Amino acid sequence: MNHLKNEKSPYLLQHRENPVDWFPWGKEAFEKAKKEEKPVFLSIGYSTCHWCHVMAHESFEDQEIAKMLNDSFVPVKVDREERPDIDTVYMAVCQAMTGSGGWPMTVLMTPDQEPFFAGTYLPKHARYGSPGLLELLEHTARLWNSDRNRLIQTGQTIVAALNRQEETSRADDLETLIAWGVQDFKSRFDKQHGGFGSAPKFPSSHNLLFLLEYSLVHDERECLYMVEKTLEKMARGGLFDQIGGGFSRYSTDETWLVPHFEKMLYDNAWLVQAYALAYRVTKKEFYREIISRTLAFIQRELTSPDGGFYCGQDADSEGAEGKYYVFSKRELFDVLGDKTASFCRWFGITDAGNFEGKNIPNLLQNKEYEQTPEQIKQLREAVFVYRKNRMTLHLDDKILTSWNAMMISSCAKAGFSLDNHMYIEMAERAMQFIETHLFDENGRLMVRFRDGERAFPGNLEDYAFYCLALIDLYEATFHICYLKRASELADRMMELFWDPKHGGFFFYGNDDEALIHRPKETYDGAVPSGNSAAAHVLHWLFRLTGETKWMEADRRLTGFLSSRAGEAPSGYSYSLLAFLRAQSPTAELVCVSGDTEIPRELLDILRGCTKTPPAVLFKHPENAVSLSEAAPFTKNYPLPESGTRYYLCEGQNCSQPFSDVSLLRKKLCMFH
């Protein structure tokens with residue numbers, strides 16, 4: 001038994017029976033390393049990671065490796081989802097030293113946390129050009145004893161390079177950055193299969209959101225086509241679980257047929273946002289169905305009894321990747337009997353199979369995919385029930401603030417766009433979970449909750465995405481409490497993370513454990529960076545509250561982000577979306593009514609228009625005081641004795657108040 005037995009992380013608990021004497025990251029481990037003069041072996045991963053499982057079974061359950069680690073190193077395990085601050089710092093090291101990164105991540109460092117080796121998956125013995133873990137450990141142990149200063153100096157050099165003040169790059173013109181980003185996406189677009197580049201293909205839904213909004217602002221059909229082609233192909237392939245709903249993490253092939261089978265909360269959150277915006281623009285029922293089935297999966301399998309959202313499901317079952325999701329034709333016949341043929345035709349099931357002799361159900365060759373017959377739905381449900389009882393998947397039941405915030409935003413947007421209050425209720429329950437369980441006694445937002453315990457001070461991404469979630473909940477419900485709470489937490493975000501000297505937000509707070517480097521993440525990878533999310537927060541807070549402090553902070557952050565995005569604009573697509581909104585004409589609407597219910601005709605207009613929607617404030621007798629606290633400028637808007645009046649500002653020009661709904665529809669729906 002090692003030192004992980006009392007941890008809450010499912011990933012760390014997966015390693016508690018290892019013969020390796022693992023420590024969690026903390027004072028005890030590094031004091032032991034200093035006292036015994038040993039290097040530290042840091043291993044970072046997460047519980048639903050396929051190659052983390054492979055390395056664990058191959059090396060960390062191995063007595064020979066364990067003896068080497070226990071005798072010559074202090075082994076430390078980190079769950080990247082619990083400690084994204086540690087992961088971010090050492091991932092930067094790994095990428096700098098090797099040119100790439102990923103998980104499991106392996107780092108060798110001094111007792112002062114200074115790294116001198118970094119890599120990803122390592123087999124026990126060298127093969128196919130990959131170094132072997134055992135040989136690496138033996139070589140490092142010899143070098144530590146014979147030439148320790150060389151390793152220490154390497155570590156100090158790496159840390160110095162990380163902390164060297166980056167020269168501020170010239171901030172490129174926002175329009176130029178946006179144009180470069182669009183052009184890069186166009187050049188990499190796969191016209192046959194959708195998506196960008198070659199295999200493996202990731203959904204990267206923030207890319208699609210940027211291109212979709214660009215197409216609205218500029219009435220640009222090519223970008224809309226790229227988005228729709230990608231959304232359609234992803235939903236028809238094996239990336240989407242045709243039987244149970246929800247999306248896997250990425251596709252291993254260019255056609256979206258064979259996924260890496262783990263399902264993560266964040267991917268599904270961002271995909272729901274992309275399909276919801278596409279539905280609002282196109283009104284295609286196929287998009288509505290994908291949203292519905294994805295959120296049904298989330299509610300059924302990734303939602304806690306108290307409303308928080310779990311992290312994800314494993315790719316592996318019974319020791320094999322994807323085994324849970326694939327079928328033989330014979331197996332399906334045992335479930336469906338004489339109805340098997342129609343099911344197999346619909347989902348492309350063959351005797352030969354399309355994945356290691358088995359079948360991944362898909363709609364890639366199905367020309368009638370947009371409307372599923374009732375009989376197919378019934379057969380699909382029968383297969384789902386059979387699959388559920390056939391074997392189980394590992395569930396990572398941590399509840400992470402930032403990922404929950406992403407799903408709150410998605411449920412709120414889907415609920416509003418599809419006029420489905422159940423999704424908004426999902427968002428509100430998860431928001432209440434965060435408010436109840438993920439703030440400490442001092443009001444500090446935390447990273448994760450599991451098994452009755454909240455832990456680790458929240459990072460920029462926790463604050464930024466939760467502020468965005470609150471803003472999205474406000475826009476879905478017009479409950480002013482959400483806007484007020486977003487403003488409060490954005491103030492706290494500025495206090496904890498803002499760099500007043502150079503601009504931009506640091507990853508972890510000024511009240512948190514100091515690591516060897518305090519990074520500012522800007523690249524939009526699997527999820528957008530905390531800085532790009534913060535740009536959206538500041539933009540919407542200014543538009544909704546009229547408070548100039550948010551405008552000034554947004555201006556400075558935009559300058560910082562634009563200086564970073566010039567390296568490769570398409571890698572900063574969520575920042576590009578913020579730039580697009582900053583560059584585009586805006587519309588702000590104040591609706592003032594004697595009735596406490598927002599006018600149905602206004603909601604219909606907001607859902608029905610295909611142009612970029614305005615920022616909307618709704619004032620009525622019961623919220624007038626609280627609204628004036630959140631958005632002081634609304635204090636001057638008089639409440640009518642009866643009926644509803646609209647105050648619309650476009651750009652910097654405000655019209656006379658009016659009550660004509662048809663005029664409102666014309667103004668908003670023609671607005672660019």
Side-chain angles (χ1 to χ4, degrees), residues 206 209-210 213 266 269-270 273 401-410 412-413 427 431 434-435 438-439 445 458-476 479-500 503-509 520-522 524 527-562 564-565 572-584 586 588 612-617 630-631:
H206 41 85
L209 289 168
F210 163 65
E213 195 149 329
Y266 60 81
W270 286 100
Q273 287 199 39
T401 297
S402 61
W403 294 10
N404 269 248
M406 295 170 197
M407 186 54 77
I408 291 170
S409 286
S410 301
K413 288 176 179 290
M431 180 277 303
I434 290 176
E435 291 291 331
L438 278 153
F439 284 90
L445 187 58
N459 301 300
L460 171 63
E461 59 186 10
D462 299 294
Y463 277 84
F465 284 115
Y466 188 48
C467 286
L468 264 187
L470 290 163
I471 292 168
D472 289 329
L473 265 175
Y474 169 74
E475 294 193 316
H479 295 163
I480 197 62
C481 60
Y482 298 137
L483 182 57
K484 291 178 72 173
R485 184 67 169 144
S487 296
E488 291 169 8
L489 290 173
D491 277 327
R492 188 75 173 122
M493 179 176 75
M494 295 293 295
E495 294 169 11
L496 288 169
F497 306 102
W498 181 249
D499 179 356
F505 289 95
F506 291 110
F507 188 90
Y508 61 85
K520 296 177 188 174
E521 272 209 311
T522 54
D524 297 324
V527 298
S529 71
N531 269 286
S532 59
H536 289 267
V537 170
L538 300 175
H539 170 86
W540 283 108
L541 283 179
F542 171 63
R543 288 184 61 190
L544 288 165
T545 70
E547 295 276 25
T548 55
K549 66 178 181 179
W550 303 126
M551 178 179 67
E552 177 58 24
D554 186 28
R555 184 188 65 78
R556 288 202 64 195
L557 180 56
T558 296
F560 168 75
L561 283 170
S562 63
R564 296 290 185 93
Y572 299 79
S573 61
Y574 206 56
S575 287
L576 295 184
L577 179 54
F579 301 163
L580 180 66
R581 289 173 174 170
Q583 288 290 98
S584 304
T586 59
E588 288 77 37
T612 306
V616 180
L617 292 166

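From a predicted model like this one, the values you see are computed outputs, not experimental measurements.
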Closest heavy-atom pair and its distance - [X], [Y]:
X: D491; Y: W550; value: OD1-CH2, 3.3 Å
X: A464; Y: A533; value: CB-CB, 3.9 Å
X: V616; Y: L544; value: O-CD2, 3.8 Å
X: S575; Y: S532; value: OG-CB, 3.2 Å
X: I408; Y: A469; value: CG2-CB, 3.7 Å

Check: [Y] and [X] side chains under 4.5 Å, non-hydrogen atoms:
X: H206; Y: L577; value: no
X: L209; Y: W270; value: yes
X: P614; Y: E588; value: no
X: L561; Y: F579; value: yes
X: Y466; Y: L470; value: yes
X: H479; Y: Y474; value: no
X: L445; Y: I434; value: yes
X: Y482; Y: I471; value: no

Can you name the side-chain hydrogen bond (donor to acceptor under 3.5 Å, both in side chains) partners of R492, sequence neighbours left out? E495
Is K549 paired with E552 through a side-chain N to carboxylate O contact shorter than 4.0 Å? no
Salt-bridge present (K413, E475; N to O < 4.0 Å): no
Flag, side chain of [X] to backbone of [Y], donor-acceptor distance under 3.5 Å:
X: R556; Y: P500; result: yes
X: D524; Y: S529; result: yes
X: S402; Y: D462; result: no
X: T558; Y: D554; result: yes
X: N531; Y: E521; result: yes

Could you go step by step and tell me if M406 and Q273 meet the side-chain contact (heavy atoms from CB on, under 4.5 Å) rule? CA-CA 9 Å; M406 295 170 197; Q273 287 199 39; 5.6 Å; no
About how many Å separate [atom2] of [Y] and [atom1] of [X], when rounded to the nearest 0.5 Å?
X: L468; Y: E461; atom1: CG; atom2: CD; result: 12.5 Å
X: L473; Y: C481; atom1: CG; atom2: SG; result: 9.0 Å
X: K520; Y: D499; atom1: NZ; atom2: CG; result: 3.5 Å
X: D472; Y: M431; atom1: CG; atom2: CE; result: 13.0 Å
X: S487; Y: K484; atom1: OG; atom2: NZ; result: 9.5 Å
X: R555; Y: M551; atom1: CZ; atom2: CE; result: 8.5 Å

Just to verify, what does Y508 make a ring-ring contact (aromatic ring centres under 6.0 Å, His included) with, not counting sequence neighbours? none
Sole residue of F505, F506, Y463 in ring pair (Phe, Tyr, Trp, His ring centres under 6.0 Å) with F497: Y463
For R564 and Y572, what are the C-alpha separation, side-chain angles and deciding distance, and is it a side-chain contact (heavy atoms from CB on, under 4.5 Å)? CA-CA 9 Å; R564 296 290 185 93; Y572 299 79; 4.3 Å; yes
Is the positively charged end of R581 above the ring of Y574, judged by distance under 6.0 angstrom from the centroid and angle within 45° of the axis? no
